[in-house]
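Working notes, structure below.
All chains are named by letter (A, B, ...) in the order of the sequence lines, taking the proteins before the strands, and each is independently numbered beginning at 1.
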Amino acid sequence: MKNSPSDIIEVAIPLPLDTTFLYRVPVELMPRTELGKRVLVPFGRRRVTGYVLGFATGEERELREVCDVLDDTPLFTRKELELYRWASSYYLHPLGEVIKAALPAGINVQSRRADANGDGDALTGGKQVKTEPVYGPAAAPPAVDAPRGKASLILDHLRQAEETTAAELRGIFGDCSLQLRRLRELGLVEVEAREIYRDPFRDETVTPDSPLALNAGQSEARDRIVDAIDTGRFAPFLLHGVTGSGKTEVYLQTIAHLLNKERTALVLVPEIALTPQLVNRFRRRFRCGIAVLHSGLSDGERYDEWRRIRRGEVSIVIGARSAIFAPLERIGMIVVDEEHEASYKQSEGFRYNARDLALVRGKMEHACVVLGTATPQVTTWHAATTGKLALLSLPDRVNGLPMPHVEVIDARGHKGEAILPPLVEGIDANLAGGGQTLVFLNRRGFATWLTCEECGHVLRCPNCAVTLTYHQRRNRHVCHYCDYAIPAPSVCPECGSTQVTHLGLGTERIEELVRERFPEARVDRMDRDTTRGKGGHARILRKVAERKTDILIGTQMVAKGHDFPGITLVGIVSVESTLNIPDYRSAERTYQLITQLMGRAGRGLDAGKVIIQTFNPDHYALTHAGTGLLEKFYTTELAFRQETGYPPFVHLAALCLTGTAAPSVEQESAVLAGHLRTLRRELSSRVEILGPSPAPLTKLRGRFRWQTLLKAPERPALHRLLAALRSSYAPPSGIRLQVDVDPVDLM
DNA sequence: AGCACGCCGACT
DNA sequence: GTCGGCGTGCTC
């Protein structure tokens with residue numbers, strides 16, 4: 001059959017394929033075919049779900065026919081498709097998979113293998129609309145005698161109430177399924193299945209609040225954002241406010257202004273499961289519909305929230321990373337709270353960064369984008385100082401307290417002492433004064449490594465720059481990335497000192513030490529191990545809030561989000577684990593961590609105190625954090641980045657080969673490196689390949705990972721190289737080539 | 001990603 | 001002589 005020009009559609013398929021496909025729409029499906037709907041299409045020997053991207057023309061080939069249109073209403077708009085297309089090309093990821101990731105999980109029809117005729121294949125999965133039976137009087141009741149007894153009471157009730165859910169009837173009449181069935185059989189009562197939403201907040205009530213008075217900084221920030229909203233143009237902001245400076249109130253009041261203009265707001269938070277307070281504040285302030293999207297919801301709940309948004313029933317969406325794809329229309333503002341958080345980056349599959357996409361979507365929607373944080377990313381800060389983002393500062397804590405006093409303790413030459421005298425004395429004094437203490441130790445995932453307590457030297461892999469992990473059994477230090485290993489040295493290879501020690505004390509060990517040293521104190525610990533299970537966080541936090549804990553020992557997680565209103569001393573046992581991560585952002589991360597912890601200290605009239613123990617007391621990430629002079633750190637760090645050639649002065653991307661089965665990955669990576677060199681020549685661009693290092697192979701638990709970094713002075717050159725590579729290089733089966741378009745986590 | 005086609009070892 | 005291993009290639 002010949003194709004007529006208007007019955008051809010372009011379809012994206014959620015498979016790792018870089019192309020889209022064309023199909024012919026049979027005449028009977030034409031009326032239902034629309035951009036944004038899913039279709040079932042023949043694909044090779046099977047049938048799969050695809051997404052309609054639009055109509056195509058000028059195709060002479062014989063095309064296969066669409067089997068079915070799977071949706072009554074489109075799942076995405078033309079505008080949302082524009083965002084998907086942008087993300088697909090920027091992140092070099094197949095459009096179909098991007099769309100799949102953007103839509104709520106679990107709605108996709110899973111295509112099954114087709115038999116010879118192409119039919120008979122069972123479709124599984126699909127919609128999960130939940131319904132409940134709703135009873136009502138029949139529109140045209142037959143002329144029969146009404147039943148007596150309970151059934152007649154029920155009928156009367158239904159006639160009065162028009163329609164009633166089964167649950168309500170059960171509440172009034174008890175179990176009445178028999179009577180209802182009888183009434184239906186008589187044709188006096190009708191039942192329909194009505195869609196209901198699974199509401200994660202069904203049982204919660206909130207007490208409304210009203211806008212709070214703003215301090216000078218907050219007012220100015222609000223006014224500038226409100227002005228931007230009124231112009232109706234794209235306007236990106238960095239809202240830089242120390243912890244406790246009242247950023248949320250600025251969000252709330254600017255969003256209130258926005259809602260009056262019939263526009264909507266999208267609020268991204270790093271881990272919504274950990275920030276119920278924020279959601280609560282929004283629910284207390286606004287009476288409009290609010291949807292919440294995060295990983296703690298079941299597929300069904302998330303789908304229901306998604307449908308509420310799609311239907312325009314909400315004006316505010318609060319959610320984690322993936323909420324950047326929420327089907328919200330007329331967006332006037334996108335907030336990215338704690339924009340420095342690494343969890344905005346999806347690091348598997350479709351590797352997008354929601355913080356970056358927020359700016360892109362904001363631009364497409366002519367919206368304001370507000371990046372809020374006390375500790376901006378260095379690149380964000382740079383964008384603000386060069387005028388790409390408008391800088392809004394909230395310099396004051398809402399409670400009026402100055403920033404806490406910071407003391408950096410040089411731990412070099414104190415082998416074996418986990419908690420040094422100044423910190424012990426600090427804790428003693430704080431206990432005596434009735435204050436609570438937070439003892440922080442960032443000891444996640446990294447096993448022990450070797451450091452010199454005289455000179456601060458750390459044993460690293462010469463190939464991979466990661467710290468070497470000590471293996472006691474072999475008495476060797478081993479690189480977990482390339483298997484490089486050396487015998488355990490007895491003296492520091494740098495300065496010859498015998499004061500070499502293993503770092504890697506964990507919170508458990510610290511807890512033990514603290515309990516020994518402060519036997520009268522009530523000690524608690526908060527880390528992944530002690531908060532496991534539901535309500536684990538809440539239990540520990542409640543004890544702290546009720547002042548049933550004197551000393552709280554914690555990891556990373558205490559630095560984020562929670563309020564500890566009684567803490568007057570923060571002791572940082574060591575920052576080395578963060579500082580020694582082989583990542584060009586390790587200084588930035590350390591600075592952020594310390595600053596976030598500083599925000600935990602202080603209450604009442606007491607600004608609080610922070611004591612940092614370290615082998616690197618002169619490191620600028622510590623000294624500048626200690627002064628509280630934020631600009632100083634950023635200026636120093638930016639100078640360093642410029643000198644060494646790191647973002648924001650160059651663009652980085654990583655190429656990764658990952659997989660489970662490979663005959664020879666070394667060989668494979670050599671092939672890839674060859675392609676890279678050829679492409680670089682052809683592009684005659686200034687792309688620098690930082691690797692592969694002599695031992696590029698990574699083997700972890702049977703899986704391998706090979707990674708190399710690419711560096712270029714301008715993004716287009718880098719992007720062209722990556723795009724060309726993805727189309728020219730076909731990895732063998734079992735291996736996938738992934739591209740991390742923005743800076744990677746390691747090396 | 002599937003699923004086929006295609007060319008080499010141990011079995012009814 | 002076949003059944004089956006997964007290497008390579010394609011899917012509008």
Side-chain angles (χ1 to χ4, degrees), chain A residues 1-27 29-30 33 35 37-70 81 85 88 91-103 105-125 348-351 656-669 671-672 675 702-704 726-739:
Chain A
M1 191 180 286
K2 208 163 161 292
N3 306 316
S4 76
S6 63
D7 62 357
I8 304 169
I9 54 170
E10 187 188 9
V11 174
I13 289 162
L15 289 174
L17 303 166
D18 285 324
T19 49
T20 57
F21 296 84
L22 299 176
Y23 287 90
R24 201 168 56 75
V25 185
V27 83
L29 290 177
M30 263 321 270
T33 305
L35 184 150
K37 285 182 178 176
R38 291 169 306 161
V39 282
L40 187 65
V41 289
F43 193 70
R45 217 42 91 97
R46 58 206 169 119
R47 296 193 294 170
V48 298
T49 303
Y51 305 100
V52 179
L53 304 177
F55 290 86
T57 51
E59 181 58 45
E60 295 298 319
R61 258 178 313 168
E62 189 76 0
L63 298 173
R64 295 181 79 179
E65 273 192 6
V66 171
C67 309
D68 200 3
V69 177
L70 299 173
L81 177 57
R85 281 212 147 107
S88 167
Y91 294 110
L92 300 155
H93 200 83
L95 181 58
E97 292 198 333
V98 169
I99 296 174
K100 189 181 176 189
L103 298 174
I107 63 163
N108 263 351
V109 174
Q110 292 294 305
S111 45
R112 297 284 90 157
R113 78 221 113 68
D115 55 27
N117 340 332
D119 61 20
D121 52 338
L123 294 172
T124 59
E348 251 168 15
F350 169 34
R351 302 172 156 231
C656 314
L657 284 178
T658 56
T660 48
S664 163
V665 186
E666 289 91 343
Q667 202 182 326
E668 204 52 54
S669 57
V671 173
L672 180 63
H675 275 257
R703 295 183 67 85
F704 70 83
R726 266 185 65 92
S727 58
S728 70
Y729 171 73
S733 69
I735 301 180
R736 282 192 72 170
L737 178 69
Q738 289 192 314
V739 176

Nearest-Å distance, [atom1] ([X]) to [atom2] ([N])?
X: A/Tyr729; N: C/dT8; atom1: OH; atom2: P; value: 12 Å
X: A/Arg45; N: C/dG9; atom1: CZ; atom2: C1'; value: 14 Å
X: A/Phe43; N: B/dA4; atom1: CZ; atom2: P; value: 14 Å
X: A/Phe350; N: B/dA1; atom1: CZ; atom2: P; value: 17 Å
X: A/Leu15; N: C/dC12; atom1: CG; atom2: P; value: 12 Å
X: A/Arg46; N: C/dC10; atom1: CZ; atom2: C1'; value: 11 Å
X: A/Arg61; N: C/dT11; atom1: CZ; atom2: C1'; value: 11 Å
X: A/Tyr51; N: C/dC12; atom1: OH; atom2: P; value: 18 Å

Quiz item: Is it true that a side-chain atom of A/Tyr23 and a backbone atom of A/Pro42 form a donor plus acceptor pair closer than 3.5 Å?
Solution: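 Yes: the side chain of A/Tyr23 pairs with the backbone of A/Pro42.
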
Quiz item: Is a side-chain donor or acceptor of A/Thr20 paired with a backbone partner of A/Val11 at a separation under 3.5 angstrom?
Solution: no

Quiz item: Within the structure, does a side-chain N or O atom of A/Arg64 lie under 4.0 Å from either OP1 or OP2 of C/dC12?
Solution: yes

Quiz item: Looking at the side chain of A/Pro16, which of B/dA1, C/dT11, B/dC3 is the nearest nucleotide?
Solution: B/dA1

Quiz prompt | Nearest-nucleotide pick for A/Leu63, side chain only, options being C/dC12, C/dT11, B/dC3 | solution = C/dC12

Quiz item: If you take all heavy atoms of A/Gly349 and A/Gln738, which pair is closest and at what distance?
Solution: N-NE2, 3.7 Å

Practice problem: Determine the minimum heavy-atom distance between A/Pro94 and A/Asp18, stating which atoms define it. | Solution: CG-OD1, 4.0 Å

Exercise. Pick base, sugar-phosphate or nothing for A/Ile13, based on heavy-atom distances below 4.0 Å to the nucleic acid.
Key: nothing

